[in-house]
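Just the heavy atoms: all of them, side chains too, but no hydrogens, waters or symmetry mates, feed the values below. Chain A is the first sequence line, chain B the second, and so forth, proteins listed ahead of strands; every chain is numbered from 1.
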Amino acid sequence: MQAQTHRLRLFWRLLAGQRLVYACATLALVVASCFLYLVPLVPQIVIDGVFMAGEGEAAPSRLTAWAVERLGGETFLRQNLWLPALLILAFSAIAGAFTYLRGRWSARASESIIRRLRDQVYDQLQHLPCRYFDQAETGDLIQRATSDVETVRTFLTSHVVEIGRALIMFLVPLPLMLSIDWRMTLVSVLLMPVIVGFSVFFFLKVKSAFRQTDEAEAKLTTTVQENLAGIRVVRAFARQAFEEQKFGQANTTHRERDFRLYRILAWFWSSSDLICFLQRALVVCAGAWWVATGSLQVGAFFFFITAVGMFMWPLRQMGRILTDLGKAIVALDRIGEILGAARESAADQVAAPGPETLRGEIVFDRVSFAHAENSPVLREVSFRVPAGSSLAILGPSGSGKSTIINLLLRLYDHDAGEIRLDGHDLRELDRAFVRRQMSVVMQEPFLYSKTLRENLRLARPGANDEEIIEATTVAAVHDSIQRFAHRYDTLVGERGVTLSGGQRQRVAIARALVKAPAVLILDDALSAVDTDTEAAILAALAARAGHHTTILIAHRVSTVMHADQIIVLEQGRVTESGTHLALLERGGLYARLWQAQGEAAEDCERERLAGLAARAETAPP
Amino acid sequence: MSDVAFQEDEYHRQLDLALWRRVLRHARPYRRPLLGLSVAALVVATVEVFFPLATGWLIDEAVANGVSGRLYALAGFYFALCLLLSVCIFAFISFAGRVATGVAFDLREQAFTRLQQLSFAYFDVRPVGWLVTRVTADVSKISSLLPWFLLDLVWGGSLILGIAVAMLWINWPLALIVLAIMPPISLISVFFQRRMLGSSRLIRKTNSQMTAAFNEAITGVRTTKTLVREDEALREFQGLSSGMFQHCMRNALQSAAYLPMVMSLGSLGVGLVLWRGGVTLGSAEGSMTLGTLIAFMQFAAFLHMPVEELARRFTDLQSAQAAAERVQSLLDTEPAIADSPAVCARLAAHSADAPRDDVAIDGFSPRIERIAFRDVGFWYKPGEPVLQHFDLEVRMGQTIALVGATGGGKSTIVSLLARFYEPTEGRIEVDGVEYRERALEWWQSNFGIVLQSPVLFSGSVRENIRYGRLDATDEEVEAAARLVNAHGFISELSEGYDFDVGERGNRLSTGQRQLISLARAVIADPQVFILDEATSSVDTETERLIQDGVHRVLEGRLSFVIAHRLSTIRAADLILVIDAGRVVEQGTHAELMARRGRYHALYVGQFTRQREQAWLAGDATPSKAELR
Ligand SMILES: Nc1ncnc2c1ncn2[C@@H]1O[C@H](COP(=O)(O)OP(=O)(O)OP(=O)(O)O)[C@@H](O)[C@H]1O
Ligand SMILES: Nc1ncnc2c1ncn2[C@@H]1O[C@H](COP(=O)(O)OP(=O)(O)OP(=O)(O)O)[C@@H](O)[C@H]1O
Ligand SMILES: [Mg+2]
Ligand SMILES: [Mg+2]
């Protein structure tokens with residue numbers, strides 16, 4: 001019940017702004033169907049009032065007599081039969097005009113609603129917290145945003161209208177039918193309850209079959225999706241047969257479910273059609289009987305046959321519409337789940353006048369965080385980075401380095417402790433503001449399917465070409481880009497596949513550099529970059545030191561050793577912190593890492609000294 | 001923009017009959033249900049012609065003779081028609097279901113199998129989402145269209161024919177008058193359906209753009225957030241959704257105008273029957289009765305339906321043409337990299353033999369002894385050579401390291417080796433045999449590859465590692481994990497080896513993903529290892545531990561290691577320095593250091609900088625003076 005009212009409310013809200021248009025469409029529909037029923041009335045009047053005048057026992061109805069009178073009398077009509085023909089055309093045309101208006105208005109209303117719905121879903125998706133995406137599957141979300149919205153659209157554009165039409169088409173002719181012949185009216189609606197009842201029964205019956213088919217289809221889609229997303233791994237391990245077998249299962253299940261649905265539909269359609277045909281047969285036979293016994297006029301009989309045809313077919317559609325309604329409800333629920341999820345900024349309490357800009361002082365004060373209960377990722381992490389200085393984070397895989405960045409960017413909210421930016425509690429700052437102050441290169445950079453220039457300009461829409469080239473030069477990717485046939489207009493494909501790993505990373509670095517942020521964050525951003533380039537990038541960053549606070553995550557001691565402050569993270573805890581030298585003295589993990597590289601370094605040192613000696617020999621002072 | 005091969009293909013205005021003939025071939029196994037379908041459709045059409053006739057006979061009988069035996073017989077006939085019609089409806093839906101689901105199943109299976117064979121180059125330019133749509137939505141569209149199209153073709157055609165014959169038989173002058181409304185109805189149908197086809201194509205195109213937009217919004221959500229470009233992205237999206245609104249409106253208006261017009265023409269037919277038929281009704285000359293008049297009016301009112309339906313189906317056919325083209329072209333795409341006919345012949349010749357340990361499936365030796373690149377050249381796109389005149393000869397048991405600047409072509413070399421791409425020039429030889437003459441399946445099953453960007457499948461850690469060798473036991477999985485130093489963190493995960501890694505493994509950190517993909521390669525027990533920056537996101541200490549473990553594994557195998565951290569490759573038997581697609585230096589660490597070239601510079605650069613920094617910071621080991 002609760003769910004029902006919730007749904008209705010969601011639906012009602014959807015209609016906001018378009019309710020009047022829908023009302024107009026309904027009105028047009030009523031007018032159109034009135035005229036539609038006038039069309040068979042004309043032959044009825046002509047047959048009973050003109051052709052059959054004087055024959056048979058039954059007298060023409062009052063309506064017929066009146067109409068014939070108005071149209072110029074029986075003899076006049078008999079000589080001018082084009083007049084009723086013209087009337088038929090005219091009524092039909094008027095009905096057509098109103099049908100057109102109805103179509104136009106209901107399309108306007110429903111398409112506007114759907115446009116708004118699509119925009120809402122898109123906007124909502126962008127504002128959902130990252131946690132939401134950890135749980136959700138991309139394919140499923142896309143399904144909701146596209147085919148579910150499409151289901152709602154079909155429902156709004158045609159089914160709402162169809163339901164209205166079925167009702168109106170049924171109700172409008174009733175008075176007319178009653179005024180002509182009440183017995184025939186009764187016969188005409190005799191099986192209607194059965195048809196409607198059968199539809200409802202069917203709807204309840206097939207709901208689960210439809211759901212199962214949908215599930216099988218979703219399974220099929222995810223199987224294909226996952227296979228193709230990982231196709232390079234499939235090939236690297238020559239697992240084609242395994243994948244084909246997996247797909248074969250999903251495919252078979254889908255076929256079975258789908259076929260079962262067809263069988264059910266075959267039963268439904270043939271039975272409900274049978275009821276409809278029987279209804280018409282009843283009218284035809286009962287009418288013929290009464291005509292034979294002389295208590296029904298042929299024209300009236302014709303009218304009933306036509307009228308039954310007109311209101312029966314829309315009603316017959318009810319079964320399908322109900323199933324579609326069922327689907328639409330499910331779709332609406334699924335969309336509602338997205339729209340109803342709390343936005344990431346929902347519970348934010350932004351302190352009224354935030355700061356204008358940040359200098360970039362960052363303080364972590366006993367910050368803890370967990371993705372799932374009882375498996376903490378960060379435990380009481382504390383550190384302080386003065387504005388303009390640099391912090392390097394080092395630690396084994398999974399120790400929580402990226403998580404620190406995620407918290408700082410408020411992609412996730414920490415569970416305990418406090419993060420302060422320039423002395424402001426992070427939670428009291430506007431998220432967008434905080435993010436605008438920071439420039440980040442993620443561990444796995446994402447490039448949009450746009451051109452390189454567009455991708456680079458995203459960080460700062462106002463950036464001109466010189467600034468972009470400056471950034472790409474620092475990131476040492478300008479030369480590579482120049483070598484592409486389309487240079488900066490090269491389209492970076494889905495997820496940037498046509499760039500090499502290092503190129504992609506460097507484009508992301510350049511993108512971060514285009515902006516002049518208060519805080520620059522590089523999360524393992526130099527892992528796929530060769531050492532020369534790395535040195536160049538680090539040197540360029542060093543030249544900008546003091547302008548912004550830098551956070552650098554890396555796995556090589558050589559990368560992080562220049563930092564003003566280094567912290568070592570192990571299993572979510574800060575185990576060491578200090579400068580390079582201080583950490584070396586402590587003899588912990590950092591020193592061990594240093595050692596690991598040191599061997600190589602010593603070896604190299606020997607080489608260097610040997611080189612010096614050689615040079616000394618060849619070129620004496 | 002050359003790489004838009006996947007974008008919506010251009011549409012042909014005309015029906016491409018050759019294409020549909022090819023598509024129809026997929027329905028060949030379903031000839032029987034298709035035949036049943038056609039028969040059912042024929043019966044339905046016939047019955048529908050008889051309904052108005054029976055009504056007319058009933059009326060004439062009732063008016064002329066009152067209640068009579070014939071009246072009862074006719075009523076019985078009418079009810080029998082109803083029953084027959086329902087049975088036929090049941091039959092054709094069942095038959096259509098058999099065909100639609102069967103064709104869909106076959107097409108999907110073929111398309112999926114084909115996708116498993118196509119080369120990497122095919123996937124480079126086609127987004128995953130686009131390909132998924134081919135296998136799912138496009139196939140549905142074609143497979144459900146086929147039976148319904150046939151049904152409506154038979155039904156509509158025979159109904160029009162049946163009505164025309166019946167009317168001409170009974171009263172040909174009046175029949176001609178009614179049939180006169182056919183040409184305008186057809187014309188209007190063609191006119192509007194053309195237009196609707198145009199707008200519905202625009203709708204579909206915008207729709208797929210919107211799907212791509214959603215995909216990007218979701219996969220790139222973190223980047224969007226950090227760049228604070230939500231509003232801008234929404235604006236871009238609104239451009240699409242407004243376009244969609246316009247196309248949908250246009251389509252809706254077209255169909256809103258079309259139906260009333262056709263209906264009015266039908267009414268015109270009814271009016272004409274009433275007028276012209278009414279005139280002859282009284283006169284003695286015609287065979288016109290009231291029943292006939294009513295039957296004719298029903299025919300006239302009904303006639304537009306089959307025409308409309310036929311027109312709609314042809315539009316469907318045309319609008320499904322793009323889908324058919326895409327699916328068919330997927331099926332027709334020959335894998336660029338596949339066994340040559342000669343290899344296939346050899347495979348066939350040896351498949352009869354019992355599998356032997358000393359003979360590979362293609363009849364050669366299953367052991368790899370030597371691999372040689374001979375003057376290999378390669379480009380991804382013509383005019384942009386990535387690799388030129390590349391020569392290399394390696395022997396089993398060696399470890400070959402590839403170093404060099406980003407974008408130099410290191411990953412490309414190993415892709416060529418694994419035959420993910422084939423050289424555009426030169427040859428790669430395995431024990432003296434060009435590798436294109438060996439079986440692809442055999443060749444690729446000898447590799448254990450860790451790709452530069454680690455991809456995991458959703459599922460448990462265990463399933464992911466076991467992907468390397470499907471019959472590995474739990475113990476072997478664990479042993480592999482231990483070897484690459486992943487056991488530690490795995491056992492700390494909440495469910496250990498059963499931990500669900502999430503979509504693409506996104507519930508693990510990047511380094512953890514690398515370790516698991518490394519374990520996956522180790523467990524495969526291959527002859528050739530390829531490690532493309534396999535430990536780039538792993539700290540130095542772990543890397544050392546891994547090296548010790550992997551070193552044991554690598555013994556006696558051939559391995560290619562790509563790394564930017566030179567400390568990891570010092571022990572390699574052969575180091576190649578790659579720059580802009582050429583080998584600029586090669587040799588062992590000692591040789592290269594002695595040569596004092598590029599490698600020396602790289603190596604020394606990497607460590608002296610480190611040392612210098614340390615000295616500047618006050619590390620006392622060598623004196624500052626020494627630095628000068
Ligand atoms: N699938 C592809 N299609 C087109 N061009 C490509 C493709 N893959 C790589 N390239 C281009 O080929 C060149 C070599 O790329 P490759 O991936 O081999 O470099 P790499 O040496 O592995 O670099 P990195 O160290 O950055 O991984 C680059 O310029 C890259 O842009
Ligand atoms: N979305 C998530 N859901 C559940 N657990 C997660 C999620 N993301 C990360 N984790 C877990 O949190 C821990 C810390 O991950 P994080 O990405 O911060 O590691 P990291 O220090 O950056 O490692 P790496 O050096 O490999 O990048 C890991 O154990 C990881 O499994
Ligand atoms: Mg990380
Ligand atoms: Mg590479």
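- A donor-acceptor distance shorter than 3.5 angstrom exists from the side chain of A:Glu226 to the backbone of B:Ser458, with no hydrogens or angles considered.
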Practice task
Test salt bridge (Lys or Arg N to Asp or Glu O under 4.0 Å) on A:Asp134 and B:Arg222 and set out the steps.
Solution key: CA-CA 11 Å; A:Asp134 288 344; B:Arg222 286 172 189 234; 3.7 Å; yes
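- Under the 6.0 Å distance and 45° angle rule, B:Arg229 counts as a cation-pi partner of A:Tyr448.
- The aromatic ring centroids of A:Phe277 and B:Phe79 lie 6.0 Å or more from each other.
- Seen from the ring of B:Phe120, A:Arg232 counts as a face-on cation partner, given the 6.0 Å and 45° thresholds.
- Between B:Phe90 and A:Trp267, the ring planes lie tilted relative to each other; the angle falls in the 30° to 60° range.
- B:Lys225 places no side-chain N or O within 3.5 Å of a backbone atom of A:Leu411 that could act as its donor or acceptor partner.
- Nearest heavy-atom pair, A:Ser92 versus B:Met263, reported as atom, atom and distance to 0.1 Å: OG-O, 4.0 Å.
- Between B:Phe237 and A:Tyr122, the ring planes lie parallel to each other; the angle is under 30°, not in the 30° to 60° tilted range.
- Of the atoms belonging to A:Glu217, not a single heavy atom falls under 4.5 Å from chain B.
- Within the 3.5 Å criterion, the main-chain N or O of B:Gln117 finds a donor-acceptor partner in the side chain of A:Arg235.
- Within the 3.5 Å criterion, the main-chain N or O of B:Gln238 finds no donor-acceptor partner in the side chain of A:Asp119.
- For B:Arg108 (side chain) and A:Phe247 (main-chain N/O), no donor-acceptor pair under 3.5 Å exists by modelled atom type.
- For A:Val234, the parts lying near chain B are the backbone and the side chain together; criterion is any non-hydrogen pair under 4.5 Å.
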